Amino acid sequence: MAKSSIQNNIRKLRFHAGEMTQQELADLARVSRQTIVAIEKGNYSPSLELAFRMASIFKTPLEEVFIYKGDADSS
Amino acid sequence: MSYQEKQNIVNIFSGLLVTIIYALMVYQRHQQGQFDLTDDFQTWGRIFLVFIGISVAVRIVIQIIFHIINAIATREEDVPLEDERDQLIKLKATRNSYYAFTSGFVLSVLGLALGMPVHWIFIAFVAFGLIAEILDNGSQIYYYRKGI
């Protein structure tokens, strides 16, 4: 399965948020821990709603949580 | 291994178990001459209806047993909540299973057009139904492991 063209800083943001665990983030985002693991690994691109919810949890703009790398590959 | 992956494995084995045991029972009765499956389509209708009932009942029992065993083994009583990723995986797996069953249906009709006996279409339905279910659960395991 091809990796997503969307990268993320969730691991770093969790660390800066008092070493928040994946389970804590999952509970706050109302998804399973497996989904957080898949997003962190780049195996799953979340819906727009979940992406905004995660950005709101970290109190940071969306583009600091997720970075789109699609254009960089094609240029 | 996640709860969903274990549940899919249980689904594959329970599907195989119920279908194979029921098919053997029906075939045994056919061999004993209790009914003629090559000619009696009313019996085929009854066989399918009974199979659906038995299949649903057995699967419910197996799911309950699985949940109890899993709760004892992992000490987690709650079933994990189903989020957007689970729903997307289920949707893609269902699509794959529909492809399998539709292909089976087309092949069966093709066989019928080429002169195969009519009762073979019922056997093909059971076989492709089982294949579709295995593909459904197998796809889910694949997507959970490899990502979507």
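Only a predicted model underlies this, so the values are computations on that prediction, with no experimental measurement involved. In what follows, every chain begins at residue 1, and chains take the letters A, B, ... in the order their sequences are listed.
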Drop me the distance from [X]'s [atom1] to [Y]'s [atom2], to the nearest 0.5 angstrom.
| X | Y | atom1 | atom2 | value |
| --- | --- | --- | --- | --- |
| A:Ser32 | B:Arg85 | OG | CZ | 6.0 Å |
| B:Asp83 | A:Arg33 | CG | CZ | 12.5 Å |
| A:Thr35 | B:Tyr144 | OG1 | OH | 7.5 Å |

More than 12 foreign heavy atoms under 6.0 Å from [atom1] of [X]: is that the case here?
| X | atom1 | result |
| --- | --- | --- |
| B:Met116 | CE | yes |
| B:Gln42 | CD | no |
| B:Phe35 | CZ | yes |

**Item:** Donor-acceptor contact present, side-chain B:Glu84 to main-chain A:Ser47, <3.5 Å
**Value:** yes
**Request:** Tell me whether A:Ile39 is reachable from A:Leu62 by hopping between hydrophobic residues (I, L, V, M, F, W, Y) whose side-chain heavy atoms are closer than 4.5 Å.
**Result:** yes
